[in-house]
Amino acid sequence: MRRRSFIKKAALSSLTTIIGVEIVFGEMMPLGYTPLALQDPDPFQMFKKDKEMVVLNDKPWNMEAQAHLLDEKITSNKYMFIRNNGKVPEDIDVGRWTVTFDGESIQQEKTYSLQELKSKFKPYSYQLTLECGGNGRSEFDPPAKGNQWTVGAVSNAEWTGVRLKDILEDIGVKKDAVYVAYHAADTHLSGDPDKEPISRGVPLQKALQDETLLAYQMNGEDIPLVHGYPLRLVCGGWPASASGKWINRISVRNKVHDGPKMTGSSYRVPCEPVGPGEKVKDEDMCIIESMPVKSLITFPKSGAMIKPGRKLDIRGHAWAGELEVAKIEYSIDFGGTWQACTLESPANRLAWQHFSAQVSFPKKGYYEVWAKATDAEGNSQPMLVPGWNPKGYLNNACHRIAVKVG
Ligand SMILES: Nc1nc2c(c(=O)[nH]1)N[C@H]1C(S)=C(S)[C@@H](COP(=O)(O)O)O[C@H]1N2
Ligand SMILES: [Mo]
């Protein structure tokens, strides 16, 4: 008979100390067992996410949607992906939240309370598409380190807040300003209070766009904590890493911002294409700006089955960074021929666009439906994984679903 190995006395007494009361029958606990009281809380419950969301990492928390979960025109919190680089701030006192504007190129340093921002500046609402630069990373070969996002690190929520440009106008920006960077309240995984997990920025022109917001609401409610409560920068159409959560400081810089995750291979790709696995010199890497054209079939779920002779209604969204999507087509013959989908206009600039089509299949059997969007400048999605890069960014390959007719 195999004997269970039980927890050691010393380990049991330290667990008892942490839990604070006697663990009755503690000596019966199997070796290596973590009492539920000490396990991480259920992330689905903690972040109010749907059970079909997929956890990619718990330290820090990272979670993505599946394509069919993103069917809504405006993404609800329960289907919004989570990308954290550090620890979510705790014990936020919203009544005392402030944001300080500083940097070499600010006329004078100024601090606003959240309340002042809300009362002093006019609010605006926009639907904005936020896609993680690493969405689609899991398909690169050789593989790239980092969260193995498939297709679900993208969202299109409605954000409400004040325009960054209105605030910068109020304070005054010096002539030599080139970049606007964020600093936030999340903490580094190492616990080092002097280290920021991430501090990125955008060129001044992007910061001054009408749609660039310091937002305090998402979908008409307070922003959920994990998505940046109580104040978040939103720069639609750019890698979502430019949209800082938990913002408490904005720096107007006289040079390209050099905070954590701005340099090296972070959110940068080779300026010129390189071969898979190639080493790229630092000076040959360029910062990702507008995201490339992409689309997602959100209905039906891959694996759909239909009866012969029946048409299949498909639908989804397409987006193209700073640009509008000009057309979207589908193929049922592995990209041999393409048919047009119906494409809607965006709710506003930088929001994703909805498409739909009615697909007929010639006979019984296995099919794939592929979708391919083209932006206003004529760039189309590649059918398979595009240019390899060290961190696996910008995979905008056509999305595909499997369909069985029979
Ligand atoms: N302060 C802060 N802002 C942040 C991050 C972070 O870790 N800390 N992650 C960034 C990255 S890489 C992405 S993709 C988006 C994810 O936003 P979401 O979690 O609200 O979907 O937030 C960005 N803003
Ligand atoms: Mo990201």
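The model shown is predicted, which means the values in this text are computed figures rather than measured ones. Atoms considered below: every heavy atom in the structure, side chains included; atoms not considered: hydrogens, waters and symmetry mates.
When the side-chain hydrogen bond (donor to acceptor under 3.5 Å, both in side chains) test is applied to K404, no partner is found at least two apart in sequence or on another chain. Not counting sequence neighbours, the partners of Y393 by the ring-ring contact (aromatic ring centres under 6.0 Å, His included) test are Y267. With sequence neighbours left out, the ring-ring contact (aromatic ring centres under 6.0 Å, His included) criterion links F44 to no other residue. Applying the side-chain hydrogen bond (donor to acceptor under 3.5 Å, both in side chains) criterion to R200, with sequence neighbours excluded, gives S241.
Considering only heavy atoms from C-beta on, P386 comes within 4.5 Å of N395 through its side chain. Looking at heavy atoms from C-beta onward, M29 lies in side-chain contact with P35 at the 4.5 angstrom threshold. Looking at heavy atoms from C-beta onward, N77 lies out of side-chain contact with N219 at the 4.5 angstrom threshold.
Enclosure of atom NZ in K118 by more than 12 non-hydrogen atoms of other residues, nucleotides or ligands within 6.0 angstrom is indicated. Other residues, nucleotides and ligands place no more than 12 heavy atoms under 6.0 Å from the NZ atom of K327. More than 12 heavy atoms of other residues, nucleotides or ligands sit less than 6.0 Å from atom NZ of K174. Residue F25 places its CZ atom among 12 or fewer non-hydrogen atoms of other residues, nucleotides or ligands, all under 6.0 Å distant.
Summarising the geometry, atom OG belonging to S295 is positioned 10.5 Å from atom CD belonging to E329; distances are rounded to the nearest 0.5 Å. A distance of 7.5 Å separates OH of Y124 from NZ of K165, quoted to the nearest 0.5 Å.
Judged by distance alone, the side chain of E116 and the main-chain N or O of S113 form a donor-acceptor pair under 3.5 Å.
Heavy atoms only, all atoms of each residue included: K206 and T212 are closest at O-OG1, 2.7 Å.
Ring orientation note: the planes of H354 and H317 are nearly perpendicular, at an angle over 60° on the 30°/60° scale. Taking the six-membered ring where the residue is Trp, Y112 and F101 present perpendicular rings, their angle passing 60° and hence far from 30°.
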Review item, side-chain donor-acceptor pairs of residues 272-292, under 3.5 Å, at least two apart:
from	atom 1	to	atom 2	distance (Å)
E278	OE2	G275	N	3.0
D282	OD1	R268	NH2	3.2
S290	OG	E322	N	2.8

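Within the structure, the ring-ring contact (aromatic ring centres under 6.0 Å, His included) test picks out the following pairs touching residues 217-260 (sequence neighbours left out): H183-H257.
Residues W370 and F334 bring their aromatic ring centres within 6.0 Å.
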